[in-house]
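In what follows, a structure is listed as structure tokens, so that the remarks can point back to it.
If you're wondering where the values come from, they're calculated on a predicted model, not measured in any experiment. As the structure lists them, so they are numbered: ligands from 1, and atoms in each ligand from 1.
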Amino acid sequence: MSISVLGAGAFGTALAISLANKGPVTLWAREAGDMQTSRQNAARLPDCRFPPSLKVTGDLQEAAQAPILLIAVPMQKLRDMLREHAALLTGKQLVACCKGMEIGTGLGPVSIIAQEVPQATAAILTGPSFASDIARGLPTALTLGCADDTTAKALQKALTTDNLRLYRTTDTIGAELGGALKNVIAIACGAAMGAGLGESARAALLTRGFAEMKRLARHLDAQPDTLAGLSGFGDLVLTCTSAQSRNYRLGQSIGEGRPFDQTITVEGAATARAVHALAQDSGLDLPITAVVAALIENRQNVSSAMAILLARPLKEE
Ligand SMILES: NC(=O)C1=CN([C@@H]2O[C@H](COP(=O)(O)OP(=O)(O)OC[C@H]3O[C@@H](n4cnc5c(N)ncnc54)[C@H](O)[C@@H]3O)[C@@H](O)[C@H]2O)C=CC1
Ligand SMILES: O=C(CO)COP(=O)(O)O
């Protein structure tokens with residue numbers, strides 16, 4: 001079954017390379033020209049050559065011929081992209097590969113697909129994976145979420161490769177929450193490390209951040225167990241401990257008081273604000289998310305944020 005990837009950033013390109021080692025793949029890029037001639041994505045994934053079975057196109061109509069379309073654009077761009085191209089995407093299996101919650105609605109990618117392309121089947125691919133690891137063929141395990149288990153099984157089979165092992169779940173809300181929220185906690189961990197607060201502080205933030213993730217999952221009727229899987233615990237561990245992560249690096253730069261390149265995709269910054277607003281509306285206690293939103297908006301610095309967390313009432317774990 002042919003597959004296309006829509007969005008040719010680091011992750012879309014990496015997935016296209018990996019899947020093209022198994023069968024034909026089309027990668028849709030808004031600016032396809034350079035990649036078509038150089039057979040690599042020099043800007044996002046330098047030195048990862050495209051296999052011959054990977055076709056790059058600037059024509060979405062051509063890419064949208066495939067029944068399975070992986071969508072790898074940044075979360076806050078997803079709704080506009082779907083809306084603009086809804087006619088081409090209708091009836092397809094749309095697999096969101098982005099991680100985050102939308103500012104203004106607090107919704108994740110599966111819900112947004114359902115709203116914008118109601119005649120499509122919505123799924124999500126998420127979990128611990130750096131684009132360069134996938135592109136280089138290093139072993140990686142991810143979660144495929146789709147509400148319909150029969151489709152989930154078919155997508156799991158279609159998207160598994162020799163190096164990319166997929167587990168599946170029908171809990172799409174849990175799967176998308178895991179990928180979205182780990183980025184917020186990674187910013188907190190990076191900030192603590194950047195400010196020199198130490199690895200014990202990072203372990204505390206990671207663990208209490210995980211408690212927050214499960215709290216929000218319960219509130220949104222997701223299964224807290226999903227958060228203990230690859231999307232959630234797995235991605236939290238990866239992103240909170242590696243300077244390969246852009247979210248972690250943004251946190252580090254906040255902790256060190258350095259500016260950060262605004263052109264880099266850092267999903268956790270918008271997601272912190274989206275989730276903090278959702279928590280405020282529903283009276284949910286998400287203290288780490290609240291201080292990350294405050295750090296992003298320059299309403300707190302790392303030492304005042306840490307003081308807020310440490311001064312909270314003592315409670316049962
Ligand atoms: N880079 C990574 O290691 C991983 C990234 N992801 C997720 O993948 C998503 C994309 O991230 P990256 O590829 O890393 O970002 P990126 O910044 O490398 O690339 C984003 C791409 O989206 C394209 N784009 C933006 N708006 C578009 C639109 N309306 N139509 C078509 N294309 C559009 C841009 O041209 C760019 O090529 C994010 O949600 C991220 O969390 C998930 C796992 C790993
Ligand atoms: O999602 C990722 C790893 O699973 C990539 O993390 P960053 O977006 O923080 O680089």
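Of all the atoms in ligand 1, the ones that sit under 4.0 Å from a non-hydrogen atom of F130 are 3 (O). Every atom of ligand 1 is numbered from 1 in the order shown, and the set under 4.0 Å from a heavy atom of A8 is 37 (O). Ligand-side atoms of ligand 2 in range of G127: 4 (O), range being under 4.0 angstrom from any heavy atom. Listed by number with element, the atoms of ligand 1 under 4.0 Å from a non-hydrogen atom of S129 are 3 (O), 43 (C), 44 (C). Atom numbering of ligand 1 starts at 1 in the shown order; those under 4.0 Å from a heavy atom of C97 are 7 (C), 8 (O), 42 (C). Counting atoms of ligand 1 from 1 in the listed order, those under 4.0 Å from a heavy atom of M81 are 29 (N), 30 (N). Which parts of ligand 2 touch L238 is read off a 4.0 Å heavy-atom cut-off, strictly below it: atoms 3 (C), 4 (O). Residue-ligand proximity, T265 to ligand 1, at heavy-atom distances under 4.0 Å covers atoms 15 (O), 16 (P), 17 (O). Annotation for ligand 2: atoms under 4.0 Å from non-hydrogen atoms of R246 are 7 (P), 8 (O), 9 (O), 10 (O).
A heavy-atom separation below 4.0 Å is found between K99 and ligand 2. At least one heavy atom of R246 sits under 4.0 Å from some atom of ligand 1. Heavy atoms of D80 come nearer than 4.0 angstrom to ligand 1 in no pair at all.
Contacts between E84 and ligand 1 below 4.0 angstrom, taking non-hydrogen atoms only, are absent altogether. Of the heavy atoms in E267, only side-chain atoms (C-beta onward) come closer than 4.0 Å to ligand 1.
Polar contact with ligand 2: present for N247 (N/O pair, distance under 3.5 Å). Polar contact check, R44 against ligand 1: a nitrogen or oxygen pair lies under 3.5 Å apart. Every N/O-N/O distance between P74 and ligand 1 stays at or above 3.5 Å. Remark: ligand 2 and K182 share an N or O pair separated by less than 3.5 Å (distance only, no angle test). Of the polar atoms of R30, at least one N or O is found under 3.5 Å from an N or O of ligand 1, judged by distance alone. Annotation: A131 places an N or O atom under 3.5 Å from an N or O atom of ligand 1; distance criterion only. Any N or O atom pair closer than 3.5 Å counts here, and P128 shares no such pair with ligand 2. On a distance-only criterion, S245 and ligand 2 share at least one N/O pair closer than 3.5 Å. In terms of N/O distances under 3.5 Å, ligand 1 is not approached by C98. Backbone and side-chain nitrogen or oxygen atoms of F11 are examined, and one is located within less than 3.5 angstrom of a nitrogen or oxygen of ligand 1.
Within the 3.5 Å criterion, the main-chain N or O of A152 finds no donor-acceptor partner in the side chain of K157. A distance-only check finds a donor-acceptor pair linking the side chain of R39 to the backbone of P51 [under 3.5 Å]. In terms of modelled atom types and a separation under 3.5 Å, the side chain of N298 and the main chain of A294 share no donor-acceptor contact.
To the nearest 0.5 Å, atoms CD1 (I185) and CG (N247) are separated by 11.0 Å. In this structure, the separation between CG on L205 and CG on L197 is 8.5 Å, given to the nearest 0.5 Å.
Atom 37 (O) of ligand 1 has as its closest protein heavy atom G9 N, 3.2 Å. The protein atom (non-hydrogen) at minimum distance from atom 4 (O) of ligand 2 is D235 OD1, 2.6 Å. For atom 18 (O) of ligand 1, the closest non-hydrogen atom of the protein is A10 N, 2.9 Å. In terms of protein heavy-atom proximity, atom 3 (C) of ligand 2 is nearest to S129 O, 3.3 Å.
The pair E62-K55 meets the salt-bridge criterion, with a side-chain N (NZ, NE, NH1 or NH2) lying under 4.0 Å from an Asp/Glu carboxylate O. Here D235 pairs with K99 in a salt bridge; the nearest charged N to carboxylate O distance falls below 4.0 Å.
Residues T26 and L54 fail the side-chain proximity criterion, which asks for heavy atoms closer than 4.5 Å. Between L227 and L216 there is no side-chain heavy-atom pair separated by less than 4.5 Å. Within the 4.5 Å cutoff, the side chain of S282 has heavy atoms near those of the H219 side chain. Put simply, the side chain of T161 reaches to within 4.5 Å of the side chain of L19, judged on heavy atoms. The closest side-chain heavy-atom distance from I112 to E102 is below 4.5 Å. Residues M75 and M101 form no side-chain contact, since every pair of their non-hydrogen atoms from C-beta on lies 4.5 Å or further apart.
Just one residue in the list T126, L78, L125 forms a side chain to side chain contact (heavy atoms under 4.5 Å, CB included) with C98, and that residue is L78.
In terms of heavy atoms, A175 sits closest to I124 at CB-CG2, 3.9 Å.
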Take D285 and R312, measure what salt bridge (Lys or Arg N to Asp or Glu O under 4.0 Å) needs, and give me the verdict at the end. CA-CA 11 Å; D285 189 27; R312 283 166 45 78; 3.1 Å; yes
